[in-house]
Every structure is written in C-alpha cells, then in structure tokens.
Amino acid sequence: MSEELDLLREIGAQKISEDTHIPLQHVQSVIHESFEDLTKIQFLGFISILEREYNQELSALKAKGLEYFKAKSLHSSEQHSVFVEPKRVKKPTLIYIIVVFFVFMIVAFISVQSTEDTEVIEEIDNSAIEKVQQKLPPIIVDENSSELSSKVDENLTLQEDEKIVPSLSIIPKSKLWIGYINRDEEIKKQKIIKKTLVLDPSKEWLLSLGHGNVDVEINGELQEFKSRKNVRFFYKDGELKQLTLRDFKILNEGRIW
C-alpha cells in the first residue's frame, strides 16, 4: 500500500477520529482495509475527508475499496437470483400415529421393568456387604500415619495450585483493529475485535494494533497499555516485547504489515 496510507496508520486511528470526527471504528476499518462494516457511500465520504484533512492522495486505497464493494454487490445479486422451492410439510397419517404410540408403550414398559430389577439388585448387594462387614476385625487408626497422610495431601494441593496454565489474550478497551502473524506457521490474519482475542501461547507472534489502549494477559498476569497510536509487539515463550516500527519491519521481512 502507498506511503500515504502508512502515514495515516502512524498517526493512529484515535488521533484521526479526533481530527476528522469520523467514528473510531470506521477510521480503523478504512486505514486497515477492513471494509465489511462500511457501505460504499460511507467509504467514499471518509476517503474524501481524509484526503482533504491530511492533503494526501489515497487513490490506491479508493480503488481497492471500490473493487471490494463491486464484488460484494455481484455476490449479493447472485444470491437473490437463486429460487428455492419451499418444502411441503407432510401431515402425519394415522398409521404413523399408531406406530409412535406402540413404540412409546414399549419404551415405558422396559423403563419400569429396568427400575424394578435395579431395586432388587441394590437390596441383595446391601445385604451381602453388611454380612462381610460383621466378619471384619476392627480398624485401628495410627495417629502418626494419619498426620503424615494429611501432610502429603497438603503438599500435593500446593503443587497443583502452583501450576500455571499457559495463556495469551488480547483484551481491547474499545473497538480495535489487530493484525497477527504466526511466525511458526507463517500464517497472517487481521480482524476488528470488540471482545477478548485468545492466541496460542506456545507459538511466536508478531502483533500490530490500531491503537494501544489494550490489556494483554499472559499466564494469568495482566499488562496494561494506554496509547492512542499504533503499537506493535513480539511474543515468544511467555514474554511480550513492544517494538518500534523499524524493529517490526525487520522481524516481518521488511513489511509494515
């Protein structure tokens, strides 16, 4: 994409929204090329405002957006042109009703019979257990053994409590564009989120955010960030490092995104 669009991303969605009075989520949609939440009229209007406010030529971005809305319009037209014949609802006949009734009666009979058999088995088992218990010698409890067992149980409980379940979550405080790159599998994705985004903590991640007003939760610990501008991070082995644009481009093979 053009240097002009890179400049807008550097300014940040929050600052652009304040300068132009365009809603924050729409600014994020435009500068990060996520047009799903926009109409064609909104998109063209926002492009005009941005070009006038920052004296920049955004023809490449405008062309990409128009291409998206053209494809969306064609897809919508194809869907409306398909005629689907409604299915006829068949009314149940008398024979079906009779069959269902007999099946219900059989299931009810089997259920009642099974309950009676279970009660008889329980009575037999209880009687046998009582006879065996009467023949057993009394159990002597060793106090020292009991204390040792209690201490072992306490140690096991503490060890279980100390286990930390690995986790990595991005928690936005407002609507947020995020681009995330899985460096292990070389998978690149982007989306606009309102709720928590959970990522695999065993992978390496390059993260680019439309603004820095977010919290990042790693292994149960919360890191808070407050910035109106774009922020970038590198995550590896439970550690999060904030990057400059230069560092991000180096790790991303020279690409800003």
Side-chain angles (χ1 to χ4, degrees), residues 1-84 170 172-183 185-195 197 199 205-214 227-233 243 245-246 248-257:
M1 190 48 64
S2 65
E3 295 180 359
E4 291 78 9
L5 184 53
D6 291 342
L7 174 62
L8 292 178
R9 289 175 177 172
E10 281 301 302
I11 294 172
Q14 184 69 40
K15 183 66 167 59
I16 293 174
S17 178
E18 293 175 359
D19 292 342
T20 62
H21 302 292
I22 299 173
L24 177 61
Q25 62 270 25
H26 290 158
V27 176
Q28 291 176 332
S29 297
V30 172
I31 67 176
H32 295 296
E33 304 172 60
S34 298
F35 309 121
E36 295 84 359
D37 296 335
L38 300 175
T39 65
K40 180 179 178 181
I41 294 175
Q42 286 177 323
F43 170 73
L44 293 175
F46 296 152
I47 289 293
S48 298
I49 293 172
L50 292 173
E51 288 179 332
R52 181 175 65 253
E53 180 70 23
Y54 297 105
N55 194 25
Q56 299 293 334
E57 177 65 34
L58 300 174
S59 56
L61 176 61
K62 182 187 292 184
K64 187 170 184 177
L66 291 175
E67 183 179 349
Y68 167 82
F69 288 112
K70 180 179 179 182
K72 181 179 179 180
S73 177
L74 289 174
H75 180 68
S76 177
S77 298
E78 291 175 357
Q79 287 184 330
H80 284 90
S81 64
V82 176
F83 175 77
V84 180
I170 312 300
K173 297 178 183 177
S174 59
K175 197 169 185 180
L176 170 69
W177 175 89
I178 180 171
Y180 48 106
I181 302 170
N182 181 339
R183 283 168 54 84
E185 302 173 7
E186 298 182 354
I187 297 176
K188 178 178 180 181
K189 295 182 179 180
Q190 62 173 320
K191 62 173 62 176
I192 293 177
I193 61 174
K194 297 179 182 178
K195 299 181 179 179
L197 174 65
L199 300 175
W205 296 97
L206 269 177
L207 307 172
S208 178
L209 281 64
H211 63 77
N213 192 23
V214 297
S227 175
R228 295 181 179 179
K229 295 185 178 181
N230 293 9
V231 292
R232 299 167 182 84
F233 298 103
L243 302 175
L245 176 59
R246 179 176 177 275
F248 184 89
K249 291 176 70 175
I250 291 173
L251 291 174
N252 197 27
E253 300 179 353
R255 296 185 293 269
I256 191 172
W257 163 237

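Because the structure is a prediction, the values reported are computed rather than measured. Throughout, residue positions are numbered sequentially from 1 according to the sequence presented.
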Salt-bridge present (R228, E18; N to O < 4.0 Å): yes

Distance-only polar pair, side chains of S174 and H211, donor-acceptor under 3.5 Å: yes

Smallest separation among heavy atoms of Q190 and S34, with atom names: OE1-OG, 3.9 Å

For the student: nearest non-hydrogen atoms of L24 and S17, plus distance: N-OG, 3.5 Å

Aromatic ring pairing F35/F43, orientation class (parallel under 30°, perpendicular over 60°, tilted between): perpendicular

With Y180, the side chain to side chain contact (heavy atoms under 4.5 Å, CB included) member among I170, L209, L199: L199

Heavy-atom pair with the smallest gap, counting every atom of E33 and L5: OE2-CD2, 3.7 Å

salt_bridge(K15, E10) N-O dist < 4.0 Å: no

Salt bridge (Lys or Arg N to Asp or Glu O under 4.0 Å) between E57 and K62, worked out: CA-CA 10 Å; E57 177 65 34; K62 182 187 292 184; over 6 Å; no

Student check: side-chain heavy atoms of W177 and I193 closer than 4.5 Å: no

I49: which of T20, L44, V30 passes side chain to side chain contact (heavy atoms under 4.5 Å, CB included): T20

Minimal non-hydrogen separation, G210 against H32, with atom names: CA-NE2, 3.6 Å

W257 six-ring centre to K249 NZ/CZ under 6.0 Å and within 45° of normal: no

